[in-house]
Engineer: 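I have a structure here, written as structure tokens, and I will follow up with some questions on it.
No hydrogens, no waters, no symmetry mates; every other heavy atom, side chains included, goes into these values.
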Amino acid sequence: MYLSTSRASDIAGNTPAPKGPLRAVPGTVFALGLVSLVTDVSAEMVTAVLPLYLMAGLGMSPLAFGALDGLHQGATAVLRLAGGRIADRTRRHKLVAGAGYALSAACKAALLAVATPWSVAAVVAADRTGKGLRTAPRDALISLSVPPGEQGRAFGVHRALDTAGALLGPLAAFGVLWVAVDGYEAVFTVSCCVAVLGVVLLALFVREARAPTTAPARVTRPATPPVRTLLRLPGLRGLCLTAVVLGLFTVGDAFLYLLLQRRLDLSAAYFPLLPVGTAAVFLLAALPVGRLADRLGRRRVFLGGHVLLLGAALLLLAPVPAGSLLVVGVLAALGLFYAATDGVLMAAAGPLLPAGLRTTGLAVLQTAQALARFAGSLLFGSAWTLWGPDAALGLAATGLLLSLVAVAVFGGTRADRPS
């Protein structure tokens, strides 16, 4: 297990980490991991029940749910740019991230006051606004705390802790639904309380990252807009194009869980347990996959993750009996997909970006990917409505396969390991 140090110099990332597989991560990384763990318990409690709550409980159509799922993944993605730019200009990464965490916590309470599909959609949009504000500053805090050669490991540690929350959240939702009379409202109430705890942990234990000692004390503002300046960096531009092309055909996990539940004829009470399997695999794989990405190349690992997602889709389409093989195969592939893509993409981008524009650069990449996935969810929901779930999944799998081939052929296979 990775342990943090308690000294301020370690938190700033200035003390060399001990060598070997158990070397410590900076305190900022570990503290942010704990914040993400608690916040993900809250978020995944809601996410685990939201598909059935909307489609079975409130009667939302697949097309409308596709729009909401896309919104959940990135309709407010442009706010990532705003959050990133504010954090870079003010150098208050923690404050901007904290505002995002606080907004999401307030939205958990707001779910108790809404009862129609589109009022729920509005609250989800506000919640995603909070996520959009906090994600880039949080990842910049991680990236600025470690040297370039350890980016993958640092993000792997954070994502492992984050995923522990994603594992516990559905289990908590399952427990609440099992014992509560009015299950959904009870889930939203508990989720709100846990989200507030995450904000408190951020305020108490996360410290602002320091700029590298070789960086000038004052950041020189570029003559051109920062987004345009960043997109002139060939490495970042290539990563953005890769994330967009693949994101268009990335099927949201909520859709995959609905398809799996349909194949298994699983009752609503057990539906929240499906994300647990994905989170368990992600938790176990995040650290080793992050270290593997540092050694073999982060872009290669990122592409490999999408191959695993394609495998999950093909397994759902295959004439496999509805049993343990189907469940384990789909959830394991989905968990490995997240381990190979989530933190790895940020680790690939971090060393390409100047410290003064690190948050904005990560936000540009996150926004590009989120908007592509939003469009992909709309396309998948439309295909489901018009031609049915199997046809929609088949089209998505075909598109993802062609995108992987195009990226591999035209994007090259150059190594992206830090020197």
Side-chain angles (χ1 to χ4, degrees), residues 34-61 64-65 68-69 71-73 100-131 134 161-202 252-258 260-262 264-280 282-283 331:
L34 292 179
V35 173
S36 292
L37 186 155
V38 173
T39 302
D40 244 35
V41 170
S42 169
E44 293 302 323
M45 287 184 70
V46 175
T47 302
V49 302
L50 200 61
L52 282 183
Y53 176 61
L54 292 172
M55 295 185 71
L58 301 183
M60 181 175 275
S61 70
F65 183 74
L68 183 60
D69 184 63
L71 182 69
H72 194 266
Q73 295 193 49
Y101 280 110
L103 178 58
S104 293
C107 289
K108 302 302 188 300
L111 284 172
L112 294 168
V114 296
T116 63
W118 292 109
S119 60
V120 173
V123 174
V124 169
D127 177 70
R128 294 302 91 186
T129 298
K131 184 174 178 63
R134 73 179 184 251
L161 290 168
D162 180 89
T163 306
L167 181 99
L168 295 173
L171 288 175
F174 172 75
V176 172
L177 288 176
W178 189 264
V179 301
V181 176
D182 194 356
Y184 291 122
E185 288 192 2
V187 168
F188 299 153
T189 300
V190 175
S191 173
C192 177
C193 296
V194 177
V196 171
L197 176 60
V199 177
V200 173
L201 289 174
L202 178 77
D253 51 2
F255 276 121
L256 292 177
Y257 295 145
L258 286 170
L260 189 57
Q261 189 244 359
R262 178 173 168 267
L264 298 173
D265 194 23
L266 194 66
S267 69
Y270 291 96
F271 184 82
L273 294 180
L274 293 178
V276 174
T278 299
F282 189 0
L283 175 63
L331 298 184

Engineer: Under the side chain to side chain contact (heavy atoms under 4.5 Å, CB included) test against Tyr101, which residue among Val38, Val35, Val200, Val196 passes?
Structural biologist: Val35
Engineer: Identify the heavy atoms of Ser119 and Val114 that sit nearest to each other, and give their distance.
Structural biologist: OG-CB, 3.3 Å
Engineer: Locate the shortest heavy-atom distance separating Val49 from Val187; write the atom from each residue and the value.
Structural biologist: CG2-CG1, 4.2 Å
Engineer: Which heavy-atom pair separates Leu331 from Gly277 by the least distance, and what is that distance?
Structural biologist: CD1-CA, 4.0 Å
Engineer: Test of understanding: with side-chain contact (heavy atoms from CB on, under 4.5 Å), list the residues that count as partners of Leu266, not counting sequence neighbours.
Structural biologist: Gln261, Leu264, Tyr270, Leu274
Engineer: Listed by chain and number, what are the ring pair (Phe, Tyr, Trp, His ring centres under 6.0 Å) partners of Tyr257, not counting sequence neighbours?
Structural biologist: none
Engineer: Which distance, rounded to the nearest 0.5 Å, do you find between the CG of Leu273 and the CG of Leu177?
Structural biologist: 9.5 Å
Engineer: What's the separation between atom CZ in Phe282 and atom OG1 in Thr163, rounded to the nearest 0.5 Å?
Structural biologist: 3.5 Å
Engineer: Scan side-chain atoms only and decide if Arg134 and Thr39 contain a donor-acceptor pair under the 3.5 Å cut-off.
Structural biologist: no
Engineer: Between Ala166 and Glu44, which heavy-atom pair has the shortest distance, and what is it?
Structural biologist: CA-CG, 3.6 Å
Engineer: How close do Ala43 and Lys108 get, heavy atom to heavy atom, and via which atoms?
Structural biologist: CA-CE, 4.0 Å
Engineer: Between OG of Ser42 and CG of Leu37, what distance do you get to the nearest 0.5 Å?
Structural biologist: 12.0 Å
Engineer: Atom OG1 in Thr278, atom CG in Leu283: separation rounded to 0.5 Å?
Structural biologist: 12.5 Å
Engineer: With rounding to the nearest 0.5 angstrom, report the CG to OG distance, Asp162 to Ser36.
Structural biologist: 4.5 Å
Engineer: Checking Leu167 now: which residues fulfil side-chain contact (heavy atoms from CB on, under 4.5 Å) with it, not counting sequence neighbours?
Structural biologist: Val276, Ala279, Ala280
Engineer: Just verifying a value: how many Å separate Leu260 CG and Asp253 CG, rounded to the nearest 0.5 Å?
Structural biologist: 12.0 Å
